[in-house]
Amino acid sequence: MPSKAEILEIDGIDVRITNPDKVFFPDIGATKLDLVNYYLSVAEGTLAGCRNRPSTLYRWPNGVDKPEDAFFQKRVGDKRPEWVQTQVVKFPSGRSAEMIVLADAAHVAWAVNTGAIDLNPWPVRKGDVDHPDELRADLDPTPGVPYEDVCTVAPVVRDVLREHGLEGWPKTSGKRGMHIYVRIEPRWPFTEVRRAALAMAREVERRMPGVATTAWWKEEREGVFVDYNQNARDRTIASAYSARPVAAATVSCPVEWAEVDGLDPAAFT
DNA sequence: GTTTAGG
DNA sequence: CCTAAACAACGCACG
DNA sequence: CGTGCG
Ligand SMILES: [Mn+2]
Ligand SMILES: [Mn+2]
């Protein structure tokens with residue numbers, strides 16, 4: 001692979017894309033530059049979900065065929081362009097990290113250049129990192145469970161939310177599940193948001209016995225796991241429009257509730 | 001992927 | 001100049 | 001505490 005670089009001007013900011021021809025997704029022949037261009041093409045939607053959110057980057061610097069080289073990056077590197085925005089966040093351990101804040105399309109492109117395939121924003125905004133403005137329902141089908149079951153659990157999640165005056169916005173996860181995001185007032189701490197998610201999950205489980213589960217141990221799970229723990233501090237979910245580190249390069253795609261019935265997640269790549 | 005140390 | 005090496009996460013459940 | 005899980 002020849003060593004070269006391409007400079008993209010994004011909203012007046014020059015972003016250097018190194019090794020643009022490096023193949024990230026061998027099965028479909030997509031390169032790093034292809035991935036950057038994909039993110040730029042959906043920048044508006046991506047930023048609707050990520051803008052000003054401190055984010056963990058899931059980096060695969062040598063593509064999806066080198067999972068042994070993949071890692072999560074929370075602390076943004078010291079060496080970075082001066083325009084890169086950051087936000088210090090605190091972990092329950094008491095430690096803290098200076099995390100990248102995805103302020104605009106240039107930030108996304110810069111992150112992708114470092115090998116970030118999916119973006120994992122905290123459910124908070126820069127300036128108030130202790131109060132989530134988003135509750136997230138993460139639906140993970142256990143192995144062998146058809147997507148159809150996910151599509152039957154999702155509307156029940158919606159019902160429970162609505163009974164509490166909340167509206168859920170569904171999207172495919174880009175892998176085998178679904179995510180439902182709920183806008184909330186940035187008023188409660190992580191612990192309270194997680195408690196609400198737990199209560200919601202338990203109610204969904206109660207209404208869908210054998211189809212929805214909140215059991216932590218895989219062995220005890222049956223059907224679709226409603227993963228309320230993703231609402232804890234420092235736990236994240238791949239953002240809307242994130243590409244996922246899988247061979248087919250499927251992406252997380254927001255959908256309308258009317259589309260949920262009969263949805264095929266593999267259609268979004 | 002980037003940076004740094006060492007030859 | 002070039003290459004090798006170091007580095008890049010952490011919370012919660014359970015027993 | 002170590003292990004499982006995401
Ligand atoms: Mn999931
Ligand atoms: Mn999950």
Side-chain angles (χ1 to χ4, degrees), chain A residues 1-6 15-24 31-33 35-36 54-81 84 86 88-100 108-124 129-130 132 136-143 173-179 189-195 197-198 201-202 213-221 224-239 242 244-246 252:
Chain A
M1 197 64 57
S3 174
K4 59 171 186 176
E6 182 149 334
V15 181
R16 180 184 180 81
I17 304 300
T18 56
N19 300 305
D21 296 329
K22 186 173 215 172
V23 176
F24 270 19
T31 64
K32 185 161 78 170
L33 184 59
L35 184 60
V36 171
S55 302
T56 296
L57 305 178
Y58 197 9
R59 293 177 56 189
W60 296 67
N62 295 312
V64 300
D65 274 5
K66 289 282 184 214
E68 64 272 26
D69 293 338
F71 57 94
F72 289 92
Q73 182 169 33
K74 299 193 176 185
R75 293 172 182 80
V76 64
D78 316 342
K79 299 304 180 358
R80 56 180 185 259
V84 170
T86 64
V88 174
V89 296
K90 287 192 181 312
F91 300 138
S93 63
R95 286 160 55 82
S96 62
E98 185 180 15
M99 198 169 271
I100 188 171
V108 173
W110 180 80
V112 174
N113 180 58
T114 70
I117 291 183
D118 63 34
L119 311 173
N120 295 262
W122 276 38
V124 301
V129 291
D130 293 322
R136 297 163 172 176
D138 175 27
L139 306 184
D140 297 331
T142 51
S173 74
K175 287 191 173 174
R176 300 190 57 250
M178 187 177 295
H179 301 151
F190 282 90
T191 49
E192 291 298 305
V193 175
R194 180 176 163 281
R195 284 181 64 192
L198 172 56
R202 285 267 148 81
T213 178
T214 61
W216 180 253
W217 294 109
K218 283 183 164 180
E219 212 170 52
E220 299 168 10
R221 284 182 202 165
V224 179
F225 176 46
V226 186
D227 190 356
Y228 55 87
N229 266 335
Q230 290 304 129
N231 290 278
R233 179 185 287 263
D234 189 36
R235 310 235 11 210
T236 57
I237 290 179
S239 77
S242 270
R244 306 308 301 277
V246 296
S252 174

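Throughout, a chain's letter reflects where its sequence line sits, starting with A, and its residues are numbered from 1. Values below: all heavy atoms of this structure, side chains included; hydrogens, waters and symmetry mates excluded.
- Remark: A:Arg75 is in phosphate contact with C:dC10, judged by side-chain N or O atoms under 4.0 Å from OP1 or OP2.
- A:Arg16 comes within 4.0 angstrom of no nucleic acid atom, judged by non-hydrogen atoms across all strands.
- Contact check, A:Lys218 against D:dG6: a side-chain N or O comes under 4.0 Å of OP1 or OP2.
- With respect to the salt-bridge test (charged N to carboxylate O, under 4.0 angstrom), the residues A:Lys32 and A:Glu6 do not qualify.
- The side chain of A:Arg95 places an N or O atom within less than 4.0 Å of a non-bridging phosphate oxygen (OP1 or OP2) of C:dC10.
- Using a 4.0 Å heavy-atom distance criterion, A:Arg80 is classed as making no nucleic acid contact.
- At B:dT2, one or more side-chain N or O atoms of A:Thr18 fall inside 4.0 Å of OP1 or OP2 (strictly under the cut-off).
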For this session: Before giving the answer on side chain to side chain contact (heavy atoms under 4.5 Å, CB included), spell out for A:Ile100 and A:Val84 the whole-Å C-alpha distance, their side-chain angles and the decisive distance to 0.1 Å.
Result: CA-CA 7 Å; A:Ile100 188 171; A:Val84 170; 4.0 Å; yes
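- Between A:Ser93 and C:dG11 there is a side-chain N or O to OP1 or OP2 distance below 4.0 Å.
- Checking C:dA8, D:dG6, C:dA9 against every side-chain atom of A:Arg221, the shortest atom distance belongs to D:dG6.
- A:Phe225 carries A:Arg221 over the face of its six-membered ring, with the cationic atom under 6.0 Å from the centre and within 45° of the normal.
- Counting any heavy atom pair closer than 4.0 Å across all strands shown, A:Phe91 reaches sugar-phosphate atoms only and no base atom.
- Considering only side-chain atoms of A:Gln73, the nucleotide from C:dA8, B:dG1, D:dG6 that sits closest is C:dA8.
- For A:Pro92, counting side-chain heavy atoms from C-beta on, the closest listed nucleotide (C:dA13, C:dG11, B:dT2) is C:dG11.
- A:Asn229 and A:Asn231 are not linked by any side-chain donor-acceptor pair at a separation below 3.5 angstrom, with hydrogens and angles left out of the test.
- Contact annotation for A:Asn113: backbone-only contact, meaning every heavy-atom pair under 4.0 Å involves sugar-phosphate atoms and none involves a base.
- At C:dC12, none of the side-chain N or O atoms of A:Arg195 fall inside 4.0 Å of OP1 or OP2 (strictly under the cut-off).
- The side-chain hydrogen bond (donor to acceptor under 3.5 Å, both in side chains) with A:Lys74 is formed by just one residue from the set A:Asp234, A:Thr236, A:Thr56; it is A:Asp234.
- At a threshold of 4.0 angstrom between heavy atoms, the contacts of A:Lys74 include nucleobase atoms, whether or not backbone atoms are also involved.
- The side chain of A:Lys32 has B:dG1 as its nearest neighbour among D:dG6, B:dG1, C:dA8.
- In the set B:dG1, D:dC5, C:dG11, the nucleotide with an atom closest to the side chain of A:Ala232 is C:dG11.
- Considering only side-chain N and O atoms, A:Asn19 lies nowhere under 4.0 angstrom from the phosphate OP1 or OP2 of B:dT2.
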